[in-house]
Amino acid sequence: EAQVTQNPRYLITVTGKKLTVTCSQNMNHEYMSWYRQDPGLGLRQIYYSMNVEVTDKGDVPEGYKVSRKEKRNFPLILESPSPNQTSLYFCASTPLGGGTYNEQFFGPGTRLTVL
Amino acid sequence: GQQLNQSPQSMFIQEGEDVSMNCTSSSIFNTWLWYKQDPGEGPVLLIALYKAGELTSNGRLTAQFGITRKDSFLNISASIPSDVGIYFCAGPLNTGNQFYFGTGTSLTVIP
């Protein structure tokens, strides 16, 4: 089954404790992206990657890191989480090319609480 | 960063009524997308628009790409309870690969 998976789905942690949220897709998509969703603000892009070893900042990259060592995986790293990073996080992937925009497929989301 | 403003922010309607919502931007978009998010799920693409003035339908949904390329509209006809959710406009800016979502319109359909 074609899908984007995220782990964990729920996480409660404390300020300053490094964490990683994993994202994996099995559709061989080039483009992968991380978003955070907060009430009244919609989804905001944190980082995106056009392909392996190519990553770029989105709208709200501060406090986050990413890596793209393999095409299928795009982990989101919070080196020192703070309470303002409490949010719902989504990973997404999409194929590139074809001349028109291609649909982004979203993972199930990770709800993070930083105390 | 770029802001896509959606209105209304929320809607409460009776089943069977038609719904209209819109999305505006201060920048030009060359693609407009409309997504729906069900509770506890990630967004799912409903309609994609690629040309200014384009009008596209998907069942009871109709979306339009504004001629200024700075706005888009979504209409839902004869609403049903499963239309409940949050609707987002979205798209890449004309100049790059960064992707933006609107602030969302929350729809509640009263049976």
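Naming: A, B, ... by sequence-line order, numbering from 1 per chain. Bear in mind the structure is a predicted one, so any value in this text is a computation, not a measurement.
The six-membered or imidazole ring of A:Y31 lies near that of A:Y48, with a centre-to-centre distance under 6.0 Å. Centroid-to-centroid, the aromatic rings of B:F73 and B:F65 stay 6.0 Å apart or farther.
Contact count against chain A (heavy-atom pairs under 4.5 Å) is highest for B:T103 among B:V44, B:T103, B:I86.
Contact of B:Q37 with chain A is made through the side chain alone, with heavy-atom distances under 4.5 Å. Residue A:F105 does not touch chain B at all, counting heavy-atom pairs closer than 4.5 Å. Interface residue A:L41: only backbone heavy atoms are found under 4.5 Å from chain B.
Donor-acceptor pairing under 3.5 Å is lacking for the side chains of A:S24 and A:T5. Defined by atom type and a distance below 3.5 Å, a donor-acceptor pair is present between the side-chain atoms of A:R36 and A:Y64.
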